[in-house]
2 protein chains.
Amino acid sequence: MAALLAKNLNTLAGESGDYFRIALSVDCAIFGFDDHELKVLLTRSDLGEFKNQWTLLGDMVGFHEDPDQAASRVVKKRTGLRNLYLEQVHTFGRPDRHPRGRVVTIAYYALVNIGKVRLNAGTPDLDWHSVGDVRQLATDHRLILENCHRRLRTQGVERHLAFGLLPPKFSLAQLQSVYEAIEGHPLDRRNFRKKILGMHILEDLQEMEKAVSHRPGRLYRFRGLIPGTFF
Amino acid sequence: MAALLAKNLNTLAGESGDYFRIALSVDCAIFGFDDHELKVLLTRSDLGEFKNQWTLLGDMVGFHEDPDQAASRVVKKRTGLRNLYLEQVHTFGRPDRHPRGRVVTIAYYALVNIGKVRLNAGTPDLDWHSVGDVRQLATDHRLILENCHRRLRTQGVERHLAFGLLPPKFSLAQLQSVYEAIEGHPLDRRNFRKKILGMHILEDLQEMEKAVSHRPGRLYRFRGLIPGTFF
DNA sequence: CCAAAAGTGTTACAATTACACCCATGA
DNA sequence: TCATGGGTGTAATTGTAACACTTTTGG
């Protein structure tokens with residue numbers, strides 16, 4: 001069967017006859033938001049060459065598996081969450097990128113509500129890291145993370161993705177804090193409220209924050225679907 | 001050697017043990033501009049199931065080859081042009097997308113000056129097609145083309161990519177015509193000139209169009225590098 | 001009553017849009 | 001002299017950015 005497949009693939013005419021041995025993986029930058037900072041979920045590499053270095057979460061793509069599904073599977077396995085918005089960002093395929101041979105990886109990012117995540121205890125040192133503090137990662141994962149972060153930043157407020165990072169009920173201050181963390185600079189409060197409220201994407205819950213040691217903020221929820229998610 | 005690689009790859013822990021048999025290809029939407037229309041270079045499929053259907057230009061990625069290089073190689077082989085700007089757009093990997101087995105493809109787009117292209121005679125029915133007229137393509141190439149075209153449209157004037165579609169000397173009317181073809185709607189002439197000239201990216205060549213049956217336009221050339229290209 | 005964050009409008013500036021007439025050339 | 005497209009400026013509108021004081025709560 002493998003030989004037959006190889007023969008078929010060879011009829012596709014490439015420069016070399018051995019391209020069918022390329023392995024395909026997915027790597028996910030799973031972003032969360034906590035303590036006014038953008039976080040990314042990392043674990044420890046299990047590659048000897050990169051032992052003890054941090055890496056994004058990934059896995060090989062199964063032979064009968066859609067890469068998008070492989071990415072969902074990775075996120076589900078490590079965080080317990082399903083039906084998240086996952087966006088494909090870029091495919092990294094330099095021949096020398098992986099120490100164990102030819103592995104091409106498709107990078108995705110996901111946005112999760114950090115409070116809902118039950119971290120999978122079976123994953124070594126699985127934990128959240130401030131994106132700004134990440135230094136070295138195994139193989140080319142720093143490059144991959146930078147690409148995912150840039151994509152997230154340039155996606156813009158209009159795509160409403162940031163709501164995936166928040167609990168269902170939130171204040172405008174929390175929402176602003178999310179955008180500040182993503183964009184990396186402070187925003188003007190009045191202009192931010194004007195803009196967001198003018199979009200009519202928030203439903204006023206007629207509720208207030210509780211037990212805060214200052215004037216409580218009004219709570220809202222997001223009106224409308226986040227693409228790829230079901231609430 | 002193949003068995004050793006497979007064994008190594010199996011240690012990467014996937015759902016199934018046969019992911020290493022996934023084949024990887026590149027497919028290129030090569031855009032050109034002519035007769036006030038955005039064109040794309042197509043050829044005839046050599047897949048029995050899609051015989052006589054049009055397809056984008058692609059090839060398998062060699063085992064030791066960077067996908068970006070594979071895309072350059074494809075463009076060079078069919079058009080004779082090298083050092084073009086090529087942008088990776090998306091990776092398509094549905095398990096059922098290809099009739100000859102598991103082939104995941106990385107899509108790229110390129111912008112070429114159609115006048116410089118010497119079409120490779122060895123490619124069946126290789127020719128330019130108006131993007132707006134493209135109906136059915138082999139496998140999922142219509143989807144791939146739509147993705148590449150959308151990426152090109154949303155890239156915006158600021159990225160200066162459209163210059164790749166023009167000869168070195170061009171008039172503002174030609175440039176405007178390119179943007180109109182890409183964006184799919186007419187633009188106001190005065191506003192367009194104001195915007196482009198205000199960018200200071202054009203050098204006035206102090207030359208005029210020749211042999212046109214109307215008032216000749218001033219010729220310009222692009223000042224500065226198109227990313228990924230050398231002039 | 002103090003600290004801390006919520007809530008609220010107006011003005012200046014920049015960017016974008018809409019719009020109409022004269023000019024240079026070849027046929 | 002006509003047809004064709006080149007070349008030009010201004011006013012209205014819209015969007016964005018800057019900016020300070022009052023309110024509500026818990027401690």
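Chain letters run A, B, ... following the sequence lines, proteins first and then strands; every chain starts at 1. Values below: all heavy atoms of this structure, side chains included; hydrogens, waters and symmetry mates excluded.
Applying the ring pair (Phe, Tyr, Trp, His ring centres under 6.0 Å) rule to B:Phe92 yields the partners B:His90; only residues at least two apart in sequence or on another chain are considered. Taking B:His214 as the reference, nothing meets the ring pair (Phe, Tyr, Trp, His ring centres under 6.0 Å) condition, with sequence neighbours excluded. Applying the salt bridge (Lys or Arg N to Asp or Glu O under 4.0 Å) criterion to A:Asp35, with sequence neighbours excluded, gives no partner residue. Residues passing the ring pair (Phe, Tyr, Trp, His ring centres under 6.0 Å) test with A:Phe170, sequence neighbours excluded: A:Phe163. With sequence neighbours excluded, no residue forms a salt bridge (Lys or Arg N to Asp or Glu O under 4.0 Å) with A:Glu209. By the salt bridge (Lys or Arg N to Asp or Glu O under 4.0 Å) test, B:Lys195 is found to be paired with no residue, residues two or more places apart in sequence or in another chain being considered. Considering only residues two or more places apart in sequence or on other chains, A:Gln53 meets the side-chain hydrogen bond (donor to acceptor under 3.5 Å, both in side chains) condition with none of them.
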Report, as a single string ordered 5' to 3', how protein heavy atoms within less than 4.0 Å touch nucleotides 11-18 of chain C: B base, S sugar-phosphate only, - not at all. ------BB
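Extent of DNA chain D lying under 4.0 Å from chain B heavy atoms, first and last nucleotide in 5' to 3' order, is D:dT4 to D:dT10.
Using a 4.0 Å cutoff on non-hydrogen atoms, no part of residues 196-204 of chain B comes near DNA chain D.
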N/O donor to acceptor pairs below 3.5 angstrom from side-chain atoms of residues 121-129 of chain B, sequence neighbours left out:
| residue | atom | partner | partner atom | Å |
| --- | --- | --- | --- | --- |
| B:Thr123 | OG1 | B:Arg78 | NH1 | 2.8 |
| B:Thr123 | OG1 | B:Asn120 | O | 3.4 |
| B:Asp125 | OD2 | B:Arg44 | NE | 3.0 |

Within the sub-3.5 Å range, which N or O atoms of nucleotides 2-6 of chain C have a protein N or O partner, and how far apart are they?
| residue | atom | partner | partner atom | Å |
| --- | --- | --- | --- | --- |
| C:dA6 | N7 | A:Arg189 | NH1 | 3.2 |
| C:dA6 | N3 | A:Arg215 | NH1 | 3.4 |

